[in-house]
Amino acid sequence: MLKAMRGSYRLRQLHSTSHRSLHNEPINKSLQNIRKTTTPSKKTLNSRHDAKNKKSPISDSEIVKWNMSITAHMRNCQCESALRVFNSMPRRSSVSYNAMISGYLSNDKFDLAREVFEKTPNRDLVSWNLMLSGFVRNGNLGAARSLFDQMPERDVVSWNAMLSGYAQNGYVDEARKIFDRMPDKNVISWNGILAAYVQNGRIEEARNLFESKTDWEVVSWNCLMGGYVKRKRLVDARCLFDRMPIRDEISWNTLITGYAQNGELLEARRLFDESPTRDVFTWTTMVSGYVQNGMLDEARRFFDEMPKKNEVSWNAMIAGYVQCKRMDIARELFEAMPYRNISSWNTMITGYAQGGDISQARNLFDRMPRRDGISWAAIIAGYAQIGQGEEALQLFVKMKRDGERLNRSSFTCSLRACADVAALELGKQLHGQLVKAGYETGCYVGNALLAMYCKCGDIDEAYDVFEDIAEKDVVSWNTMIAGYARHGFGKEALMVFESMKTVGINPDDVTMVGVLSACSHTGLVDKGTQYFYSMDRDYGITANSKHYTCMIDLLGRAGRLDEAQNLMRNMPFEPDAATWGAVLGASRIHGNTELGEKAAEMIFEMEPDNAGMYVLLSNLYAASGRWVDVSKMRLKMRDSGVKKVPGYSWLEVQNMIHTFSVGDHFHPDREKIYAFLEELDLKMKLDGYVSSTKLVLHDVEEEEKEHMLKYHSEKLAVAFGILSIPAGRPIRVMKNLRVCEDCHNAIKHISKIEGRLIILRDSHRFHHFSGGSCSCGDYW
DNA sequence: CCCTACCCAG
């Protein structure tokens, strides 16, 4: 409990800092500082110089030497030395200024470049073009365009810069306008507009342009072929390849990659053998292709035979071992490789994180010399996955403080963390930031956002997000369907499923799990049966064990236990723990102790540590009055050393998480809460509520004292919610275990008495309580 | 200065 409280305060801190914007060091200031410190040396240099050649002015050839020195320093990333040279020059040509501008730009010091540009006395065409390309690289197209329009004269370089600026930022039509207006076009212009179409997925227009003339360069052929490969149109790619007048290594590599990444390794291998030149790319592509198809030994053979390896080749091989969960071998290679880049570290971190070894992952994360967005995403996802959502979110905040640019994947990972701890408020803040960054309608991020709202219990907002996703993919649809299903809105789930089909998206196996569970959570037995038996015929989906489990659940809940058992006997695989779990659940609802015992026995065998099963079974015994068996279960649980998971509930009020456990005495408002519960208890009894204390044993959090039932964590949390959340707004409570029957019953009454919408997420699903009933239809 | 290989996210 105390730990949970501490956690809540950490989370509060995290909220308050998350707004703080990143504080960059003012670069202009450092420029001034350097200038100040260099002024004396300028004087000494000048005077020495003047003393030597008093009569002759500085010759042009000498200026050239200074300029070359600036360029050399810049190339070695020594911007300050370059500036010192620049400042100490007795006379500067426009080339000197341009050397500074281009040097700053290539060292990613955009603001300094701009400062020099603005101070350049006689800007020539090169200065303008440099600055233009600077704006373009910075993604500031508005500024680029206004600079472009201001230019006293433009050459083909200026036009090309503007063209590629538009193209690379997705403004294909603007790019085309520039292209059409250009007075002269060179090869780069033609390639630029072709690439604009290809990179933005407008492959048909690219093809039309391509076929409109014949004198294309190899680069252009490669570009279009690459476009086909990315869209998995291998036949088109191959056609192009066969038509090519000249092929270079890239042409070969592109096609080999196409085959290798789409599982056609024999064809890839054939081309590999045929290829006149094999470079690091070719070899690495083969290694990676085998890895992606699970052919680890073959991959290793190629890896060992490679004449020259670089970091990427090592990383591909390491990734192979990571995917096969051979972290030991992966680590060996990682230690053995001569140079490691960020990806090498990221690969290892991901491997450890996904294998649940978060301490190794964190260790590497802390040790790595430089981190990028992917490193952060990997470690954040790692914590989120093992249920440490708070640590994950803390890291997200830390990442922002470290100045890491928020990219799509770090958002996605953090949203997932929000979803796991049901931090709706923080999730909403992230949503706001996403809108600002313009990411929110993308598929990956949109789906993560959608999932976050579903898991945080805000199903209406989830639907809004869903509608806003520009190009919904299967995952978007699946997430929405499963979301509705978990909330008990079966009809809505099926409606989404129907419109998914009308839009022309093919359902996959995950879709059908969502559809079937929607049916089972809503009691739509016939509909579910129909879907189940038509899956194969209508969508070519073979039922897997999850589908069977849904069906057994569906039939079992409806009391058709014989049919459920029949189906289980006839299914083409051995029932797993989840399948038996469905049987046990159904037995409990319908009081079939014998079947329940059998199911529980099977589950104990498969998952001896599953504490939830002990509880379910002892409840089953209790329901049929077999008290001896109940105490036997208790003993068995103690002897087998199964750890009971302590139950707790939590809710977010004004950016702060409040956690409650049974009979909680730690909350600052405990007296008000308890008094309010007493009051509620009376009203509930008047409303017809009967405490089920004596009849049923509830979950693990309650065991010895019956009166504790009254103070179950979810009741405390709901009471606190009513007291602190303004009327009219829903109360969202989360619980780490399944809601107990008595609480479920009580909350139904409370929703009616208080006229509030109460949304409870338990470990299994959502319950929307309002007006005295629950969206699960008492069927959970 | 347009084309190819490795690591993250639903």
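Within every chain, numbering begins at 1; the chains are lettered A, B, ... in the order of the sequence lines, protein sequences first and strands thereafter.
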Closest to side chain of A/Ala381, choosing from B/dC2, B/dC6, B/dA9: B/dA9

Sugar-phosphate, base or nothing in reach of A/Asn310, heavy atoms under 4.0 Å: base

Closest to side chain of A/Cys223, choosing from B/dA9, B/dC3, B/dC7: B/dC3

Phosphate OP1/OP2 of B/dC6 contacted by A/Gln261 side-chain N/O (<4.0 Å): yes

side-chain N/O A/Gln199 vs B/dC2 OP1/OP2, d < 4.0 Å: no

A/Gln292 side-chain N/O to B/dC7 phosphate OP1/OP2 under 4.0 Å: no

Touch class at under 4.0 angstrom, heavy-atom based, for A/Ser343 against every strand present: base

Rounded distance (nearest 0.5 Å) linking atom CG of A/Asn129 with atom CZ of A/Phe148: 9.5 Å

Rounded distance in Å - CD (A/Glu311) to P (B/dA5): 16 Å

Parallel, tilted or perpendicular, as decided by the 30° and 60° cut-offs, for the rings of A/Trp216 and A/Phe210: parallel

Closest listed nucleotide, where the reference is the side chain of A/Ser288 and the choices are B/dC1, B/dC7, B/dC6: B/dC6

A/Thr285 vs B/dT4: side-chain N/O to OP1/OP2 distance below 4.0 Å: no

A/Met225 side, atom CE; A/Asp236 side, atom CG - distance, nearest 0.5 Å: 12.0 Å

Given B/dA9, B/dC2, B/dA5, the nucleotide with the shortest approach to the side chain of A/Thr257: B/dA5

Whether A/Phe766 and A/His487 hold their rings parallel, tilted or perpendicular, with breakpoints at 30° and 60°: parallel

Distance in Å, A/Glu311 CD paired with A/Tyr339 OH, rounded so as to fall on 0.5 Å steps: 8.5 Å

Interatomic distance where CZ belongs to A/Phe334 and P belongs to B/dC7 [whole Å]: 15 Å

Sugar-phosphate only, base, or nothing, as touched by A/Thr479 at under 4.0 Å among non-hydrogen atoms: nothing

Out of B/dC1, B/dC7, B/dC3, whichever nucleotide has its closest atom nearest the side chain of A/Val157: B/dC1

Selection from B/dC7, B/dA5, B/dC3 that lies nearest to any side-chain heavy atom of A/Asn222: B/dC3

From B/dC3, B/dC7, B/dA5, nucleotide with atom closest to A/Thr284 side chain: B/dA5

N/O (side chain, A/Lys230) to phosphate O (OP1/OP2, B/dC3) under 4.0 Å: no

